[in-house]
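Since the structure comes first, as structure tokens, the remarks are kept for the end.
Atom set for the values below is all heavy atoms of this structure, side chains included, hydrogens, waters and symmetry mates excluded. Residue numbering restarts at 1 for every chain, and letters A, B, ... go by the order of the sequence lines.
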Protein chains: 2
Amino acid sequence: MGAMDKSPQTADGTVGKALHVLDMVAAHMRPVRFNDILTDSPYPKATLYRLLQTLTNQGMLSFDPDGGTYAPGIRLVRLAHSAWRQSSLAPLARPHLDELSSQVQETIHLAQLDRGQVLYVDKRNAATPVEMFSQAGKVGPGYCTGVGKAMMAYLNDDAREDAIRHQSYFRHTDHTLTSPDALRAELAHIRSRGVAYDREEHEVGIICIAAPILLPGGRMIGALSITTSTQHKSLRDLDQLEPMLQACANNIAGAAENWQFPS
Amino acid sequence: MGAMDKSPQTADGTVGKALHVLDMVAAHMRPVRFNDILTDSPYPKATLYRLLQTLTNQGMLSFDPDGGTYAPGIRLVRLAHSAWRQSSLAPLARPHLDELSSQVQETIHLAQLDRGQVLYVDKRNAATPVEMFSQAGKVGPGYCTGVGKAMMAYLNDDAREDAIRHQSYFRHTDHTLTSPDALRAELAHIRSRGVAYDREEHEVGIICIAAPILLPGGRMIGALSITTSTQHKSLRDLDQLEPMLQACANNIAGAAENWQFPS
DNA sequence: TATCTAGTTTCATTATTTGGAACTACTACA
DNA sequence: TGTAGTAGTTCCAAATAATGAAACTAGATA
């Protein structure tokens, strides 16, 4: 048997498989039947069946007997609370986002990178007050969002190539970058410029300016963006906000720096 | 080998063990060293070591090389988003909580039961605007909180006895119920009364009135509470709010009822 | 340098996972 | 009512992965 044919997603023995199944259930946005999962799972029926049983047993999934459907379980909500507090930038960045939000009347996103994808961990909306859990945890593509490109640009070479490789390059709009080469060039440009733009690459009419959050050592720990619509503002207008965006990114980096497990 | 000597926490093979380890890491509220986990883990060094490696590999934990500490990983945040939206009452209850919140100038909690413990899934605070993810996912004890008792009271007999058995009965205040019998009696009383009170049982000066959320069939799916301080209001005052509390609980139950996977 | 502690690797043994296939329970259709 | 199909569950021998005692390594401490 070849040694190269295990997908990275699926490695790591039984636990890896179980977590992969968990992901598959979570990926559908509604409760799923056994068969739905079976369809896009690499595992044989019996195996999948037992993985689902185990996960349900453990409270990671919930099973609805009428309808026979599985959904992510509340044990995850409990675990996530602690993950969000400890491993995300959000709690640390909160005051700085509040400050930026008061300076800028636009939507602000705070994101981190999770396996080449953008994970939004906090958000401020100009209009509506705050709307959290429902937004934090959302994922988006890396290659066609401002925060995604800003973060990828500042990964080290290996990690960056890896991330470039894992994008889908789906053409969302006419402006979407649809090849690894185009993306690679864009990332180089972002590095020299210091900020990334989303030029309606993900959604027509939506543009943004994004900055990476970099620790003094240079390590990239996340990104921050200011989003607006073309009806409302232009990229030039967004450039006006760059100093505030960068200042906020720096403040967050500073807060993250001076923070290693207070005894 | 006996069949009875596996703790329920730890059953379910390797996956169960891995998830147990995940819980242990999440339970500490700061990043933990290998040894910290080893201390309160039932697993031998080598086993624990590999479980941690697997989990880290999978992004369920993050490992910080300086300091050699583990913390819950951001993959959890992503999973939780979908769990919160699908398996918690919160998204469904949101408009009803908003309504109650506007009627009542007090703190409101929405909770569900997770293995005998209270899991808060949403919150409205009279003073501060909204403060979500940081609150949702929090856990609390069942035997000494209003929502905890309200939920336990309406479990079926088996599940209720099970929950009663799993409480710690730590004496937080002079009013804390500290024995299964006392709790059992209180739960019977709650069932006859329809609401539960927290009479400074968890924290001195903090009282609340809580109602279960019951589907028409009688199944308990969560609880709702209005909290205040003794300086501010008395239990009698809280009784004035009972109709609104119950109405809100009913509304949420109604919303939950008329909601089975819309195709 | 010696001693201790924390973390990592090894490897033969053991136990669990695996998955093809058989089975059951429903549903749909003739 | 019978027959075919679909969805979910159980079985069991073979294959594989997990186990854990012990040896080892790297840092820290004295």
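An angle of 40°, rounded to 10°, separates the two end axes of the helix from C:dT1-D:dA30 to C:dA30-D:dT1, each defined over five pairs.
Rounded to whole Å, atom P of D:dG8 lies 13 Å from atom CG of A:Asp64. A straight line from CG of B:Leu51 to P of C:dT16 spans 14 Å, rounded to a whole angstrom. Spacing between atom CG of A:Leu48 and atom C1' of D:dG8 amounts to 11 Å, rounded to whole angstrom units. Atom CG of A:Leu52 and atom C1' of D:dT10 are 16 Å apart (whole Å). Between the OH atom of B:Tyr43 and the C1' atom of D:dA21 there is a distance of 19 Å, given to the nearest Å. Between the CG atom of B:Asp12 and the P atom of C:dA15 there is a distance of 18 Å, rounded to whole Å.
Taking 4.0 Å as the cut-off between side-chain N and carboxylate O, A:Lys17 and A:Asp12 do not count as a salt-bridged pair. We find that B:Asp114 and A:Arg78 are joined by a salt bridge, their nearest charged nitrogen and carboxylate oxygen being less than 4.0 Å apart.
Enclosure of atom CZ in A:Arg219 is not indicated, since only 12 or fewer non-hydrogen atoms of other residues, nucleotides or ligands lie within 6.0 angstrom.
The ring of A:Tyr70 has its center no closer than 6.0 angstrom to the ring center of A:Phe34.
Residues passing the side chain to side chain donor-acceptor pair (under 3.5 Å) test with B:Arg184 are B:Glu161, B:Asp181, sequence neighbours excluded. Residues forming a side chain to side chain donor-acceptor pair (under 3.5 Å) with A:Gln167 (at least two apart in sequence, or on another chain): none. Every residue meeting the side chain to side chain donor-acceptor pair (under 3.5 Å) condition with B:Gln53, not counting sequence neighbours, appears here in chain and number order: B:Tyr49.
The salt bridge (charged side-chain N to carboxylate O under 4.0 Å, His left out) pairs that include a residue from residues 164-173 of chain B are B:Asp162-B:Arg165, where partners are two or more places apart or lie in different chains.
Between B:Thr47 and the phosphate of D:dG20, there is a side-chain N or O to OP1/OP2 separation shorter than 4.0 Å.
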> Which letters describe nucleotides 5-11 of chain C, given B = protein heavy atom under 4.0 Å from base, S = only from sugar-phosphate, - = neither?
Replying inline: -SBBB--

